[in-house]
Number of protein chains: 2
Amino acid sequence: MTVSNVINDRPNVRRATREKVLEAMARLDYRVNIAARNFSKGRTGTIGLAVPMVNSPYYSRLAATIITAAERHNLRVSIEQTGASRENELHALSLSRNRLYDGLILSAAGMGQADAECLKVDHPVVILGERIFGGPVDHVAMPNVDAAEAATRHLIERGCRRIAILCGAVDEVDVSSLRLAGYRQALDKAGLSADPALIQTVERPDMREGVARAREMVESGLDFDGLFCVNDSVAMGALRGLACAGVRVPDQVKVIGFDNVTESEFLVPSLSTVDPDHDTMAERAVNLLIRRIEETEPGAEHEEFVSPFSVVIRESTGG
Amino acid sequence: MTVSNVINDRPNVRRATREKVLEAMARLDYRVNIAARNFSKGRTGTIGLAVPMVNSPYYSRLAATIITAAERHNLRVSIEQTGASRENELHALSLSRNRLYDGLILSAAGMGQADAECLKVDHPVVILGERIFGGPVDHVAMPNVDAAEAATRHLIERGCRRIAILCGAVDEVDVSSLRLAGYRQALDKAGLSADPALIQTVERPDMREGVARAREMVESGLDFDGLFCVNDSVAMGALRGLACAGVRVPDQVKVIGFDNVTESEFLVPSLSTVDPDHDTMAERAVNLLIRRIEETEPGAEHEEFVSPFSVVIRESTGG
DNA sequence: TTGTAGGCGTTATCAT
DNA sequence: ATGATAACGCCTACAA
């Protein structure tokens with residue numbers, strides 16, 4: 001016990017005793033076993049972060065910010081790659097339930113609203129993203145509809161009249177359907193009709209698909225002068241696809257993305273986009289989780305936090 | 001004990017007993033406590049991965065691959081961001097020493113050859129990168145000199161005669177100095193003199209610096225027709241900087257990077273680069289670490305693994 | 001100020 | 001086939 005008191009720098013240890021202990025620790029090259037300490041406290045000192053994959057501009061940035069925020073609270077972050085599959089997301093939840101993590105930040109991409117019940121667990125969970133609303137957990141989301149409307153409005157203000165959108169499948173409530181709703185809203189308010197041909201979908205919202213789809217749009221003779229992409233990865237791909245097809249951006253087509261990933265600023269042309277304030281989101285997610293971890297009683301209402309956003313104007317829309 | 005036997009699906013449990021246990025487990029909504037299990041086995045089930053930051057195309061890809069490889073062995077990965085600082089790298093080592101991790105994969109960027117002694121620890125460590133060679137641990141490295149030589153040779157073969165290099169400070173043995181050596185080697189063999197003015201350095205090898213430096217090179221009137229960048233992030237920036245300065249790639253200047261990050265393929269123009277076979281590297285690092293974790297005696301010689309590589313030819317060199 | 005006892009949840013060992 | 005006991009390394013609570 002006295003050793004423990006010395007290690008934890010607690011008072012009520014005689015100077016001489018303290019030094020004897022320290023000497024012995026040095027002599028034996030003793031190290032506290034943090035795992036054992038956590039175990040005895042019923043903690044692991046680690047939170048889980050489940051994302052579809054970490055090798056994408058968006059999720060790697062999210063992970064970086066969350067790791068930094070967690071570190072300030074002396075928590076480590078273990079990353080789980082779900083590949084956007086429902087099973088893997090549920091698996092991450094169960095690892096947390098198995099007390100491998102003190103709490104879980106789950107970026108849902110496979111689970112849907114129907115799975116909200118699965119979140120009714122007795123350990124801390126914060127959910128990120130747009131596929132589950134009003135679930136029995138704290139939730140950090142983006143202002144998808146409003147921000148998508150603002151992005152589309154920006155294209156309109158720059159003179160675009162036939163604005164296409166490149167988004168994922170929209171069968172469920174998720175990023176794509178919400179951003180599509182914002183797009184429609186902007187067109188409506190501007191009195192522009194939403195030509196169904198201008199609504200294009202990709203299988204997975206990544207660069208590869210962005211390239212392919214953008215080329216096809218041009219080569220099929222689709223007439224458009226603006227393009228709103230569901231995220232910056234798709235937009236990066238689209239810039240590439242348009243270049244391949246000989247379309248000049250922003251002269252012939254203006255392009256705007258969503259996320260403001262690090263790369264966007266450095267593309268040729270640099271990419272206009274929506275910045276959903278990643279730092280605030282990550283910070284908030286971590287803080288919500290920690291509040292749950294530290295609360296003793298089931299406690300507070302579940303919070304729904306929607307991040308502020310801004311439109312970042314760059315060359316791809318003639319900025 | 002019988003319960004434990006049931007949970008772990010071990011034999012020597014009567015059918016009826018097993019069912020009684022399973023029934024009780026279901027009734028009580030029992031979950032194994034993985035942390036406790038690991039603790040009793042003297043393991044944590046988690047390895048540490050220390051990288052400068054996870055929000056970069058290169059390190060996020062590395063992290064993704066390592067997480068996937070570790071998962072196959074049922075190990076979780078905890079990520080530590082060191083910001084390339086020596087202190088933080090040593091801190092990651094000490095967390096590992098404190099039995100928070102079963103082992104550590106350390107991508108050294110702040111520690112140098114002089115710190116090799118610090119790696120003499122009694123727990124498994126695999127070191128990644130080019131700053132420490134011949135240390136007392138397993139090491140996974142890139143074929144920097146050879147690959148840089150091949151990249152430079154590729155520029156020469158494409159007709160470049162005044163080839164610049166954009167690399168980090170070269171005061172120590174690291175990525176930059178090794179790749180610079182390869183660059184010099186290629187010029188020598190081709191009988192081209194290495195004009196010192198063509199050797200340009202950046203503070204940190206990232207996109208932002210790549211943009212700034214490339215612009216400056218053009219605007220200062222430096223005469224060059226080829227550019228080898230120390231990594232793809234710098235190269236992405238350089239493409240952007242050259243575009244700003246009105247230089248056409250590949251017509252006026254051909255550009256090649258190093259790393260083959262996911263984005264390279266989708267840039268405009270797409271970026272030629274060196275592919276150091278990330279998957280093989282990550283796989284190898286994890287396997288080496290696991291071998292150490294599982295070995296009972298101090299065991300085998302320390303292995304130095306150098307990944308194979310290939311030159312990927314794309315538009316930025318006229319491919 | 002120091003030290004003893006007990007517990008965290010699991011598994012290994014050994015006895016029944 | 002089942003179960004008692006101890007151990008993993010630390011901490012809390014309490015006793016000396």
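Residue numbers begin at 1 in each chain, while the letters A, B, ... track the order of the sequences.
Straight-line distance from the CD1 atom of Ile7(A) to the P atom of dT12(D): 12 Å, rounded to whole Å. One interatomic measurement links the two molecules: CG of Asn5(A) to C1' of dT2(C), which rounds to 9 Å at whole-angstrom precision. In this structure, the CE atom of Met25(B) is 16 Å from the P atom of dG9(C), given to the nearest Å. One can place CD of Glu19(B) at 12 Å from P of dT2(D), the figure rounded to the nearest angstrom. A straight line from CZ of Arg99(B) to C1' of dG9(D) spans 11 Å, rounded to a whole angstrom. Rounded to whole angstrom, the span from the CE atom of Met1(A) across to the C1' atom of dG9(D) amounts to 13 Å. Rounded to an integer number of Å, the gap from CZ of Arg43(A) to C1' of dC10(D) is 15 Å. Counting to the nearest Å, the P atom of dT13(C) and the CZ atom of Arg10(B) are 11 Å from each other.
The minimum heavy-atom distance linking Leu119(A) with Ile127(A) is given by the pair CD1-CD1, 3.7 Å.
Of the candidates dG7(C), dG3(C), dT10(C), the closest approach to any side-chain atom of Ser40(A) belongs to dG7(C). For Asn12(A), whose side chain is taken as the heavy atoms from C-beta onward, the closest listed nucleotide among dC10(D), dT1(C), dG9(C) is dT1(C). Out of dC10(D), dT2(D), dG3(C), the shortest distance to the side chain of Thr2(B) is found at dT2(D). For Thr17(B), the side-chain atoms get nearest to dA1(D) when compared with the rest of dG9(D), dT11(C), dA1(D). Comparing dT10(C), dG3(D), dG9(C) by their closest approach to the side chain of Phe39(B) singles out dG9(C). Looking at the side chain of Val13(A), the nearest of the listed nucleotides dT10(C), dT2(C), dA1(D) is dT2(C).
The backbone N or O of Glu172(A) sits less than 3.5 Å from a side-chain atom of Ser177(A), completing a donor-acceptor pair. One N or O on the side chain of Gln81(A) and one on the backbone of Ala64(B) form a donor-acceptor pair closer than 3.5 Å.
Along DNA chain D, the nucleotide nearest to Lys41(B) and the one nearest to Arg14(B) differ in position, and the one closer to the 5' end is contacted by Arg14(B).
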Intermediate values then yes/no, salt bridge (Lys or Arg N to Asp or Glu O under 4.0 Å), Asp102(B) and Arg76(B): CA-CA 10 Å; Asp102(B) 292 340; Arg76(B) 252 82 32 208; over 6 Å; no
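Side-chain N/O atoms of Ser4(B) include one lying less than 4.0 angstrom from OP1 or OP2 on dT11(C). At least one side-chain nitrogen or oxygen of Arg37(A) sits closer than 4.0 Å to the OP1 or OP2 atom of dC11(D).
Nucleic acid contact class of Asn8(B) (heavy atoms, under 4.0 Å, all strands): sugar-phosphate only. Counting non-hydrogen atoms under 4.0 angstrom, Asn33(B) reaches the backbone sugars and phosphates but no base. Counting any heavy atom pair closer than 4.0 Å across all strands shown, Arg31(B) reaches sugar-phosphate atoms only and no base atom.
Counted by atom type alone, Ser4(A) and Arg10(A) present one or more donor-acceptor pairs between their side chains at under 3.5 Å.
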